[in-house]
Each structure stands twice: as structure tokens, then as C-alpha cells.
Participant: 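This is the structure I want to talk about, given as C-alpha cells.
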Amino acid sequence: MALAHWRSLSMSPSQLSLAHVLKSGQSFRWTLTRLAPPEKVSQDIDLATEEYSLCLSDRLVVLRQTATQLYYQAIFPASSASAAFTTDPKLDRTTIEWIKKYFQLDVDLVQLESDWAARDQVYSKGKQVGTLLPGVRVLNQDPWECLFGFICSSNNNIARITSMVQSAAHHFSPPLLTYQPPPSSQVTGGAIAAAASDMTVSANPKAYHPFPPPSSFTDASTVPTLLSLGFGYRSKFIHQTARLLVESHSDPQKYLESLRALPTDKAREALLEFTGVGPKVADCVLLMSLGKKEVVPLDVHVVGFAERLYGLRTGGKGKGMTKSVYGITQSKLREVWGDWAGWTQAVLFASDLPFLMSSIANPTTRPIKPVKIKVLPKIESSESSIITSFSVEAKGELTLEGVLASERINKRETVERIGQGESKPSSLELEAESMGDRIKRRRRGEL
DNA sequence: CAGGTC
DNA sequence: GCTGG
């Protein structure tokens with residue numbers, strides 16, 4: 001078993017935060033291990049508190065992150081002739097190249113965020129108030145994995161999607177290797193600490209499985225197996241999608257990759273041919289595995305933003321959300337956010353996840369004085385008509401008051417048109433909400 | 001109720 | 001409407 005062949009890349013957490021992006025519901029495949037505190041901190045890597053690992057077809061990619069560095073190493077099966085740990089410079093180079101592509105490190109996220117803040121008041125407000133997570137970028141995933149994951153995502157939550165995808169890999173693909181993150185203290189020396197297999201001090205080395213190809217799901221036994229694994233009605237979707245892929249294309253994965261070269265609309269059409277793939281799932285695949293950076297998938301969270309933060313009428317989640325409203329809402333958001341709107345969406349989406357927000361939202365040390373923002377009422381379904389007054393105010397002075405004033409205007413118009421009902425504010429809004437409003441809601445029994 | 005779809 | 005974190 002390999003050990004201690006870390007290399008590192010200079011990396012600011014504002015450009016890439018593993019802790020944020022790998023838990024934000026883009027990829028469902030990463031394994032997270034919390035590291036025990038080292039006995040003594042003798043080098044930078046000892047400061048890392050978590051390790052992340054992903055099993056590729058031939059190796060396990062292992063990552064750790066500190067305030068200044070991204071540490072990486074590849075672990076190969078012991079049977080591989082090229083040694084159990086990678087000293088082979090050629091193999092090492094392929095790992096760093098994979099990392100650069102997967103995390104799209106050629107894209108300057110900090111620059112993008114500065115652009116978004118300059119063009120979108122809602123975004124700049126969130127940046128000022130401190131409710132937007134840093135280091136959230138769009139991953140460039142394997143299209144088949146991405147397609148599989150998001151077929152599983154319908155009417156489902158991130159935790160269960162993750163467990164489903166993991167169990168699929170475990171039951172449909174043989175293990176590549178077993179591995180257990182060594183304690184930091186063992187890592188620091190760079191020595192081999194696990195020479196013998198009788199070193200049973202460690203309890204459970206974990207088996208890592210590559211993600212199974214489409215052909216693994218074409219057998220008739222697939223559906224009952226997936227059902228037994230808890231895939232529910234998605235079992236049939238997976239099987240049918242895999243069959244269509246395998247029957248229509250000699251190299252299914254290469255076919256999916258080829259969609260990258262098509263215009264966005266054509267690529268979306270192709271994806272919609274698969275069972276279990278609707279507009280939302282197709283858009284996720286386009287954005288997160290086919291390089292369509294401008295695509296904004298509209299899920300319940302983003303629909304919530306569109307309504308409450310941007311005053312767009314969408315007709316609510318799922319039901320009532322007609323195809324044309326989906327498209328209009330998308331184009332409006334793309335108008336506000338620009339050519340990288342899909343990336344903007346990723347930041348807002350991640351920042352709205354409660355289990356991630358807790359990592360930066362510390363109620364005792366509020367970044368600014370709480371200000372009053374009223375929450376837009378819930379919008380009842382009704383046909384067509386996006387709020388016409390929707391627009392981004394001209395640049396100029398970008399004071400917080402100005403931002404809030406314009407939001408109040410939006411709110412009033414929405415109330416007049418649509419009437420009563422109230423939606424739960426997201427954590428984004430809660431941060432900038434007055435204590436008074438918070439108490440009011442609590443009295444109503446909502447929190 | 002959850003990153004919707006048939 | 002599947003189903004479990």
C-alpha cells in the first residue's frame with residue numbers, strides 16, 4: 001500500500017475549496033475522511049483536517065488542502081507493476097493533469113466573482129454580507145457518472161443520492177484497491193508505515209471501486225438489483241438509459257463526450273432522449289460534464305432564488321413549472337449573471353445548503369449590522385408572465401441601502417400581483433434579515 | 001421534504 | 001409516485 005507521496009500545488013481556498021465544492025451536490029462520488037489531529041504539527045500538510053478520495057478507472061486520487069496548498073497523490077493497485085505508490089513521473093503528471101481538468105483550474109474564479117458582483121446587486125450584497133461560500137467552482141466530471149448521478153437526483157436529497165451512487169459502484173464494479181488514510185503523524189516522515197499486512201492496528205481499510213460503465217447496467221437483472229439497493233422508481237431509468245447508450249453507440253462514453261462539441265441546444269436534445277432525463281437533469285449534465293458554462297439548471301433552490309431574490313415568477317417547484325417558464329427563467333438569470341451563469345448558480349446553490357452554510361455562518365460574529373429585508377411571498381402558480389420590472393439597477397454607487405431599497409420595490413410589486421402566502425427564506429436571506437423578522441417568524445412556528 | 005420525471 | 005437521511 002502506498003503512502004506519503006504527496007505533491008502540492010499552490011492554491012488559495014478562494015479559488016478552490018474542496019470542503020465546499022466536493023460536498024455541494026455536483027459529484028456524489030468523493031469519499032471524505034476526517035483526519036485525527038496530528039500529535040505535532042511539523043509541516044504544512046499537518047494542518048489539513050480532511051482527506052478526499054476519488055476512485056478513477058486505474059488509480060485512487062487523494063487530496064488534502066491547507067490555507068495555501070492543494071496536496072495530491074495517486075495510489076495505484078499494489079499488483080500494478082509500476083509500483084504501489086507513484087514515483088513514476090509520467091503517471092504523476094497524468095494525475096496533476098487530471099486534477100487541472102477536473103477542477104477547471106485554468107478558470108479564475110476570483111475574477112468571475114468580481115465580475116458577478118459588479119453586474120448583479122444581489123450577488124454583491126451576498127458577498128458583502130458574507131453568505132456566499134468561497135471556492136465553489138463547477139467541476140468537469142465524467143459525463144456518464146454525471147448522467148447517472150443526476151438521474152438519481154430527481155425528487156431526492158444529496159445525502160441519499162450520494163449513498164445510491166456509492167452503492168452502485170460497490171455492487172456493479174470490482175474493487176480496484178483498498179486504502180485507509182494514514183494519520184498525519186505517519187505521513188510526515190514519508191516512510192513506508194504499512195509494510196506488513198498484519199499491521200491490524202487500523203480497523204477498516206476501505207475498498208474503492210471505479211465507477212461502472214453503462215454496459216454494467218444493461219443486464220435484465222439490473223432493475224431488481226437496483227431496487228434492492230433502494231433506487232426506487234429510478235432503477236428502470238438507469239437500466240433503460242444504459243441500454244439505449246450501449247445499443248446505439250459502439251463506445252457509449254465516447255459518444256457522451258462527443259456532445260461537448262455540439263451547440264448547447266443540440267446537446268440538450270440528445271440528453272433528453274434518455275429515460276429519466278428531463279430539462280433539469282439535462283442541464284446539470286451539460287454544465288457539470290460537457291463544459292456548457294452558461295447553463296443554469298433550475299432546481300427547487302434556484303427557483304427559490306429566482307422568485308425571492310430576483311423577483312421572477314416561475315410558478316413554483318416542479319409542478320406548475322411549465323417548459324416555457326423554465327426556459328424564460330433560465331434566460332433571465334443568464335442575462336443577470338452573464339456568460340458564466342452556470343458557475344454563478346453553483347455558488348448560490350452551494351451557499352444555500354444548510355449543512356454547508358454552518359461552515360461560515362457564525363451567528364455570534366456577524367460581519368455587518370443586521371439589516372431589514374422582507375421576504376417575498378410565495379407565488380401561486382399561474383400562467384406565463386414574468387415580472388416585467390425585473391432589471392438590474394444601473395451601476396454607480398453600490399450601497400447596501402440601495403440594494404435593499406430596490407428589493408423592497410420588487411417585493412411590493414410582487415405582492416400586488418400575486419397576493420398572499422409566504423415562503424421560507426433561505427440562509428442567504430436569513431443572514432441579512434432583521435432580528436425582529438426572525439422573532440416574528442418564530443412566533444408563527446416556522447423555525 | 002429532497003438538485004424532477006414519466 | 002419510490003424511499004430514507
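Naming convention: chains lettered A, B, ... in sequence-line order (proteins, then strands); numbering from 1 in each chain.
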Participant: What's A:Q345 touching, base or sugar-phosphate or nothing? Going by heavy atoms closer than 4.0 Å.
Facilitator: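 The residue A:Q345 makes base contact.
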Participant: For A:E294, which residues count as a side-chain hydrogen bond (donor to acceptor under 3.5 Å, both in side chains) partner, sequence neighbours excluded?
Facilitator: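 Partners of A:E294 by the side-chain hydrogen bond (donor to acceptor under 3.5 Å, both in side chains) criterion, ordered by chain and then number, come out as A:T264.
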Participant: Would you jot down, in residue-number order, the residues of residues 149-162 of chain A having a non-hydrogen atom under 4.0 Å from DNA chain C?
Facilitator: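 The stretch gives A:N155, A:N157, A:A159, A:R160 as the residues lying under 4.0 Å from the strand, ordered by number.
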Participant: Rounded to the nearest angstrom, tell me the gap between atom CG in A:D299 and atom C1' in B:dC1.
Facilitator: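 Result: 14 Å.
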Participant: Whole angstrom is fine here: how far is it from CD1 in A:I238 over to P in B:dC6?
Facilitator: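 Atom-to-atom, A:I238 to B:dC6, this comes out as 12 Å.
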Participant: What are the two closest non-hydrogen atoms of A:L333 and A:V296, and how far apart are they?
Facilitator: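 Distance-wise, the nearest heavy atoms are CD1-CG1, 4.1 Å.
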Participant: Under the rule for side-chain hydrogen bond (donor to acceptor under 3.5 Å, both in side chains), what residues qualify as partners of A:E145, not counting sequence neighbours?
Facilitator: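 A:E145 satisfies side-chain hydrogen bond (donor to acceptor under 3.5 Å, both in side chains) with A:R29 once adjacent residues are dropped.
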Participant: Round to a whole Å and report the spacing from CG of A:L353 to C1' of B:dG3.
Facilitator: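 For the pair A:L353 CG and B:dG3 C1', the rounded distance is 9 Å.
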Participant: Could you check whether the side chain of A:Y233 and the base of B:dG4 have a donor-acceptor pair of N or O atoms closer than 3.5 Å, going by distance alone?
Facilitator: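 Indeed, a donor on one side and an acceptor on the other fall under 3.5 Å apart.
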Participant: Find the distance A:L286:CG to B:dG3:C1' and express it as a whole number of Å.
Facilitator: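 From A:L286 CG to B:dG3 C1': 15 Å.
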Participant: Could you verify whether a donor N or O on one side chain and an acceptor N or O on the other, from A:R64 and A:Q73, lie under 3.5 Å apart?
Facilitator: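 Judged by distance alone, the side chains do not pair up.
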Participant: With a strict under 4.0 Å distance from non-hydrogen atoms of chain A, what nucleotide opens and what nucleotide closes the contacted stretch of DNA chain C, reading 5' to 3'?
Facilitator: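 Going 5' to 3' along DNA chain C, contacts run C:dC2 to C:dG5.
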Participant: Roughly how many Å is it from CG in A:L147 to C1' in B:dG4, rounded to a whole number?
Facilitator: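 Rounded to the whole Å, the gap is 14 Å.
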Participant: Excluding sequence neighbours, so at least two apart, what forms salt bridge (charged side-chain N to carboxylate O under 4.0 Å, His left out) with A:D265?
Facilitator: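 Only A:R268 meet the salt bridge (charged side-chain N to carboxylate O under 4.0 Å, His left out) criterion with A:D265.
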Participant: Output all residues satisfying side-chain hydrogen bond (donor to acceptor under 3.5 Å, both in side chains) with A:S53, sequence neighbours left out; order by chain, then residue number.
Facilitator: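 Partners of A:S53 by the side-chain hydrogen bond (donor to acceptor under 3.5 Å, both in side chains) criterion, ordered by chain and then number, come out as A:Y208.
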Participant: Using 30° and 60° as the class limits, which term best fits the ring planes of A:F103 and A:W98: parallel, tilted or perpendicular?
Facilitator: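 It falls in the perpendicular class, over 60°.
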Participant: Mind listing the residues from residues 264-285 of chain A sitting with a heavy atom below 4.0 Å of DNA chain C? Number order is fine.
Facilitator: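 DNA chain C contact set from residues 264-285 of chain A: none.
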Participant: Please report, rounded to the nearest Å, how far the C1' atom of B:dG4 is from the CE atom of A:M164.
Facilitator: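 Value for this atom pair: 13 Å.
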Participant: Provide, to the nearest angstrom, the distance between the NE2 atom belonging to A:H239 and the P atom belonging to B:dC6.
Facilitator: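 Roughly 17 Å, once rounded to whole Å.
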Participant: Not counting sequence neighbours, which residues clear salt bridge (charged side-chain N to carboxylate O under 4.0 Å, His left out) with A:E50? List them please.
Facilitator: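 Residues passing salt bridge (charged side-chain N to carboxylate O under 4.0 Å, His left out) with A:E50: A:K23, A:R34.
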Participant: Checking ring pair (Phe, Tyr, Trp, His ring centres under 6.0 Å) between A:W30 and each of A:F211, A:Y102, A:Y52, which is the one that passes?
Facilitator: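 That would be A:Y102; it is the only one of A:F211, A:Y102, A:Y52 passing the ring pair (Phe, Tyr, Trp, His ring centres under 6.0 Å) with A:W30.
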Participant: Suppose the criterion is ring-ring contact (aromatic ring centres under 6.0 Å, His included): which pairs have a residue in residues 268-303 of chain A, not counting sequence neighbours?
Facilitator: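 Qualifying pairs: A:H301-A:F349.
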Participant: Do A:R243 and A:T222 get their side chains close enough for a donor-acceptor pair, meaning under 3.5 Å?
Facilitator: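 Note: A:R243 and A:T222 side chains miss the donor-acceptor criterion.
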Participant: Dot-bracket for DNA chain C, please, read 5' to 3', with Watson-Crick or G-U wobble pairs under 3.5 Å on both distances, ( ) within the strand, [ ] crossing, | other strand, . unpaired.
Facilitator: ..||.
Participant: Might you point out which heavy atoms bring A:A207 and A:P175 nearest each other, and give the distance in Å?
Facilitator: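 That closest heavy-atom pairing would be CB-CB, 4.2 Å.
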Participant: Kindly write out the residues that satisfy side-chain hydrogen bond (donor to acceptor under 3.5 Å, both in side chains) with A:T275, not counting sequence neighbours, or none if the list is empty.
Facilitator: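 Partners of A:T275 by the side-chain hydrogen bond (donor to acceptor under 3.5 Å, both in side chains) criterion, ordered by chain and then number, come out as A:Q240.
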Participant: What pairs with A:K292 under salt bridge (charged side-chain N to carboxylate O under 4.0 Å, His left out), at least two apart in sequence or on another chain?
Facilitator: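 Testing A:K292 for salt bridge (charged side-chain N to carboxylate O under 4.0 Å, His left out), a comparison that skips the adjacent residues, returns none.
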